[in-house]
There are 2 protein chains.
Amino acid sequence: MGYRIKSRIWIESENNVLLGEGRVHLLKAIQETGSLSKAAKSLNISYKKAWQLLDSVNKSAKKPVTINSIGGKGGGGAELTEYGKSLVQVFDEINKNCWKFLDNELKKIERI
Amino acid sequence: MGYRIKSRIWIESENNVLLGEGRVHLLKAIQETGSLSKAAKSLNISYKKAWQLLDSVNKSAKKPVTINSIGGKGGGGAELTEYGKSLVQVFDEINKNCWKFLDNELKKIERI
DNA sequence: AATCGTTATATTTGTTTGGATATAACGAAA
DNA sequence: TTTCGTTATATCCAAACAAATATAACGATT
């Protein structure tokens with residue numbers, strides 16, 4: 001009693017992390033703000049870290065997850081591809097189901 | 001296709017980690033070797049790290065997980081309590097079930 | 001009492017990680 | 001052609017983390 005089960009899931013592609021919780025947060029923030037730098041600010045992480053995460057996502061994905069543009073109106077920006085959106089959606093669904101599953105398993109440690 | 005789902009689960013007690021994969025490995029090694037220092041060697045981690053892990057486990061558990069003795073025959077040693085053994089057993093069962101569950105969820109990303 | 005391998009702890013060193021900063025390249029719009 | 005905010009990248013510095021080393025306390029056995 002008083003114990004809790006926590007979990008983290010992530011998707012890998014050939015031993016590289018493709019998507020985890022942090023990366024999904026970043027992709028969602030990009031979707032909302034339209035730019036990587038704004039997404040970084042909204043998550044209170046450095047641009048460097050955000051860029052490294054996004055770079056790693058795009059390098060380990062089979063197809064582009066975002067389209068990044070330099071220059072032009074607003075200086076440029078980043079947006080999710082349809083592929084990127086579906087990845088986020090699937091991750092969220094699996095993650096949610098995993099929580100439900102573990103919520104049920106919790107009963108096993110409630111007697112200890 | 002080619003993507004894989006990975007996961008980590010852990011048990012928390014009041015925001016402290018009680019049991020995770022590394023801690024369970026350590027407890028099992030203690031069970032097999034009868035000492036913390038031998039367990040550390042068998043896992044190729046430093047004694048310091050092993051001690052810190054075990055200390056954290058015993059501090060966040062509701063009842064003692066190991067009994068450690070200093071001096072005497074063999075210099076001392078460490079062994080699991082019955083409570084410790086049951087914690088390990090439950091963790092393993094939940095973890096195994098979680099793998100099965102995610103193995104099934106994998107189908108959702110195989111179409112992406 | 002001396003020995004032994006262990007637990008327990010402190011200190012130092014090294015490595016990795018992340019933050020802060022600076023700067024170039026870019027391209028639409030004014 | 002100048003301006004603007006962005007992407008992309010390098011460099012430096014600090015902080016967090018891990019490894020290595022040293023040492024005290026312990027108690028059954030000899």
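What you are looking at is a predicted structure, and each value in this text was computed from that prediction instead of being measured. Residue numbers begin at 1 in each chain, while the letters A, B, ... track the order of the sequences.
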[X] has an atom [atom1]; how far is it from atom [atom2] of [N], in whole Å?
X	N	atom1	atom2	answer
B:Q52	D:dA20	CD	C1'	13 Å
B:W51	D:dA24	CH2	P	18 Å
B:I45	D:dC17	CD1	P	17 Å
A:K73	C:dA30	NZ	P	8 Å
A:K48	D:dT6	NZ	P	21 Å
B:K49	D:dA19	NZ	C1'	10 Å
A:L43	C:dG18	CG	P	15 Å
A:D55	D:dA10	CG	C1'	15 Å

Next on the checklist: Any heavy-atom pair between the side chains of B:V88 and B:E93 that's under 4.5 Å?
Outcome noted: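 They are not in side-chain contact.
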Item to check | Toward the 5' end of DNA chain D, by each residue's nearest nucleotide, A:G74 or B:G75 | outcome: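 It is A:G74, whose closest nucleotide lies nearer the 5' terminus.
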Next on the checklist: Given C:dT6, D:dA8, C:dT9, identify the nucleotide with an atom nearest to the side chain of B:K38.
Outcome noted: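 Shortest atom-to-atom distance from the side chain points to C:dT6.
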Checklist entry - Which nucleotide in the list D:dT7, D:dA19, D:dA25 gets nearest to the side chain of B:I70? => result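 When the side chain of B:I70 is considered, D:dA25 is the closest of D:dT7, D:dA19, D:dA25.
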Would you kindly say whether [X] and [Y] are connected by a side-chain donor-acceptor distance under 3.5 Å?
X	Y	value
B:R4	A:S13	no
B:N104	B:K107	yes
A:N16	A:S56	no

Give a yes/no answer on whether the side chain of [X] brings an N or O atom under 4.0 Å of OP1 or OP2 in [N].
X	N	value
A:S69	C:dC26	no
A:S46	C:dA20	no
A:N68	D:dA8	yes

Item to check | Heavy-atom closest pair, residues B:W99 and B:S7 | outcome: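 Nearest pair, atom of B:W99 first, then B:S7: CD1-OG, 4.0 Å.
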